[in-house]
Amino acid sequence: MPGSHSGNVTQLRGLDCIVCPNSNLLENPPLLTVNSYAAPSATEPLVATTIERRDVGPKDVLIEIAYSGICHSDIHTVRGEWGDIQYPLTVGHEIVGVVTEVGSEVTLHKVGARVGVGCMVNSCRECVNCLAGEEQYCLEGNTGTYGSVDRDGTITQGGYSTHIVVVEDFVLSVPESIPYEAAAPLLCAGVTTYSPLAHWNAGPGTKVAVVGMGGLGHMAVKIAHAMGAEVTVLSQSLSKQEDGLRFGADHYYATSDAATFPALENSFDLIINTVSAKIDLHQYLSMLALNGTMVNVGAPPEPLPLQVFTLFNNRRSFAGSGIGSIRETQEMLDFCAEHNIAPEVEIVSADGINDAYERVLASDVRYRFVIDAATLG
Ligand code: NAP
Ligand code: ZN
Ligand code: ZN
């Protein structure tokens, strides 16, 4: 029997229902009921509610969530932009908190440890990609932190809540030197930009452009700079230029200025596109130098038309990249600690989530909203 929980966990255990002859709870795993903020439908604001977490299994840890980042993917998801989902849904996949309970077989994390959870909470562990340590590309589909069918058949619920139960090897250690409230966005925005920058060898002598300077984009600038690359920001306007240069960019251009594209033709070894909306690929691909690669991490709902002739010039590549592996996520956290890199965050309380969504959609984010989980009641 696991120990007691802190915070707002209501315990509903199978044994409690032994007096109820009609209850089938004894056959089902016991549950923990915790506070959360969830989307009731694609068109309504998020509302305060409760969700159920499985009880702590032998390899699970229970985390009391401290902060949870707001990723643009949360908004795409709850608004049904990427396809139908099952409502109500609690989103959030940039989670930091403290371990408050561990299962009997847990060896990787201790009670009291400062930990994080990112975009996935499990994978098949057997396919060729999982065995290669690239479980984000699990051939069965990784188990997303929210909106995925979990191993027990339930739909996973994310981090806009007070507690989460996760199998230990999908839980990251968050270095003490990273400010607590700023650590959360690293779990998605950090690793999603670190992974392609590392894979495509951003570093001294490489010219990297970052398109869009929101949550992902501002982390791409900081990380690429720390890796030693020459960094250019391509933003819609020059309104955030001072910030971009402070984050480590060497150059900053407005894509609303028609002169930008011809001026930068054939310039970059690597372009990381973080834009959440449709862009004209031809204009951006034309900025790649010989053997250059443009990596799309932005995930607009609409297809992006591609004129292949643009790729023939300079032997260009167009690629995609999805989040990062658990190994890479830990590597990224340690890299950020070593280089003193942290996201720029604006803390919001639970009742500010819906307003924060509108500001993200208006590109008015400086540069990641983070929910203070203590305000979830
Ligand atoms: P975000 O904070 O909203 O940043 C997106 C930025 O794109 C905006 O700040 C803005 O930057 C620019 N932008 C927005 N609309 C634009 C438009 N119509 N035209 C040109 N530029 C525009 O979002 P995020 O959380 O960083 O996420 C960015 C995208 O990555 C989303 O689609 C998200 O779903 C996706 N994502 C993918 C992965 C993955 O694994 N591949 C992981 C996480 C997120 P400026 O103001 O500087 O122009
Ligand atoms: Zn995300
Ligand atoms: Zn797999």
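In what follows, every heavy atom counts, from backbone to side chain, and hydrogens, waters and symmetry copies are set aside. Computed from a prediction, not measured in an experiment: that's the story for all the values here. Just follow the structure's listing: the first ligand is 1, and inside any ligand the first atom is 1.
Counting non-hydrogen atoms of neighbouring residues, nucleotides and ligands closer than 6.0 angstrom, the NE2 atom of His282 reaches no more than 12 such neighbours. Around atom NZ of Lys207, no more than 12 heavy atoms belonging to other residues, nucleotides or ligands sit under 6.0 Å away.
Residue nearest to atom 5 (C) of ligand 1, selected from Thr77, Val211, Thr274, Thr193: Thr274 (by heavy-atom distance). Compare His72, Lys278, Glu94, Met219 by their heavy atoms: the one nearest to atom 27 (O) of ligand 1 is in His72. Considering only non-hydrogen atoms, atom 19 (N) of ligand 1 lies nearest to Gln236 out of Gln236, Met213, Lys240.
Exactly one of Arg327, Arg125, Lys59 qualifies for a salt bridge (charged side-chain N to carboxylate O under 4.0 Å, His left out) with Asp169. That residue is Arg125.
Follow the hydrophobic side-chain contacts under 4.5 Å out from Tyr253 and you never reach Val221; the two are in separate clusters.
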Step by step, work out the side-chain hydrogen bond (donor to acceptor under 3.5 Å, both in side chains) result for Tyr367 and Asp243. CA-CA 10 Å; Tyr367 283 85; Asp243 288 346; 2.5 Å; yes
Steps toward side-chain hydrogen bond (donor to acceptor under 3.5 Å, both in side chains) verdict (Thr293, Arg316): CA-CA 6 Å; Thr293 301; Arg316 296 169 173 135; over 6 Å; no
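A distance of 6.0 Å or more separates the ring centres of Tyr357 and Phe369. Taking the centre of each ring, His93 and Tyr146 come in below the 6.0 Å mark.
For the pair Val297 and ligand 1, the shortest N or O to N or O distance falls below 3.5 Å. Every N/O-N/O distance between Tyr252 and ligand 1 stays at or above 3.5 Å. At under 3.5 Å, a nitrogen or oxygen of Gly215, whether backbone or side chain, sits near a nitrogen or oxygen of ligand 1. An N or O contact shorter than 3.5 Å is missing between Cys188 and ligand 1 by distance. The shortest N or O to N or O distance between Ser235 and ligand 1 is under 3.5 Å. Remark: ligand 1 and Ala299 share an N or O pair separated by less than 3.5 Å (distance only, no angle test).
Contacts between Ser321 and ligand 1 below 4.0 angstrom, taking non-hydrogen atoms only, involve the backbone exclusively. Here His76 has side-chain heavy atoms under 4.0 Å from ligand 1, and that is the only part of it that gets that close. Only the side chain of Thr192 comes within 4.0 Å of ligand 1, counting heavy atoms alone; its backbone N, CA, C and O stay farther away.
Every atom of ligand 1 with a heavy atom of Val365 under 4.0 Å away is listed here by number and element: 2 (O). Against a heavy-atom cut-off of under 4.0 Å, Trp82 is close to the following atoms of ligand 1: 34 (O). Short contacts between ligand 1 and Gly214, defined as distances under 4.0 Å to a heavy atom of the residue, involve ligand atoms 2 (O), 4 (O), 9 (O). The Val360 neighbourhood of ligand 1 comprises atoms 3 (O), with distances under 4.0 Å to a heavy atom of that residue. Listed by atom number, the atoms of ligand 1 under 4.0 Å from Ala277 heavy atoms are 17 (C), 18 (N). Applying the 4.0 Å criterion to heavy atoms of Ile323 picks out, from ligand 1, the atoms 39 (C), 40 (O).
Remark: the Ser36 side chain and the Ser161 side chain contain no N/O donor-acceptor pair separated by less than 3.5 Å.
For the pair Lys222 and Phe247, the cation sits on the ring face: its NZ or CZ lies under 6.0 Å from the ring centre, inside 45° of the axis.
Minimum heavy-atom separation, Tyr137 to Gly322: OH-N, 3.0 Å.
Annotation: side chain of Thr162 is not in contact with side chain of Ile65 (no heavy-atom distance under 4.5 Å). Leu139 is listed as a side-chain neighbour of Val128, based on a closest heavy-atom distance under 4.5 Å. Side chains of Asn266 and Leu288 form no contact here, defined as non-hydrogen atoms less than 4.5 Å apart.
Draw a line from the Zn ion (ligand 3) to SG of Cys127 and another to SG of Cys124, and the angle between them is 110° (to 10°).
The shortest separation from a heavy atom of Arg368 to ligand 1 is under 4.0 Å, placing the residue in contact.
Within the protein, the N, O or S atoms lying under 2.8 Å from the Zn ion (ligand 2) are Cys71 SG, His93 NE2, Cys188 SG.
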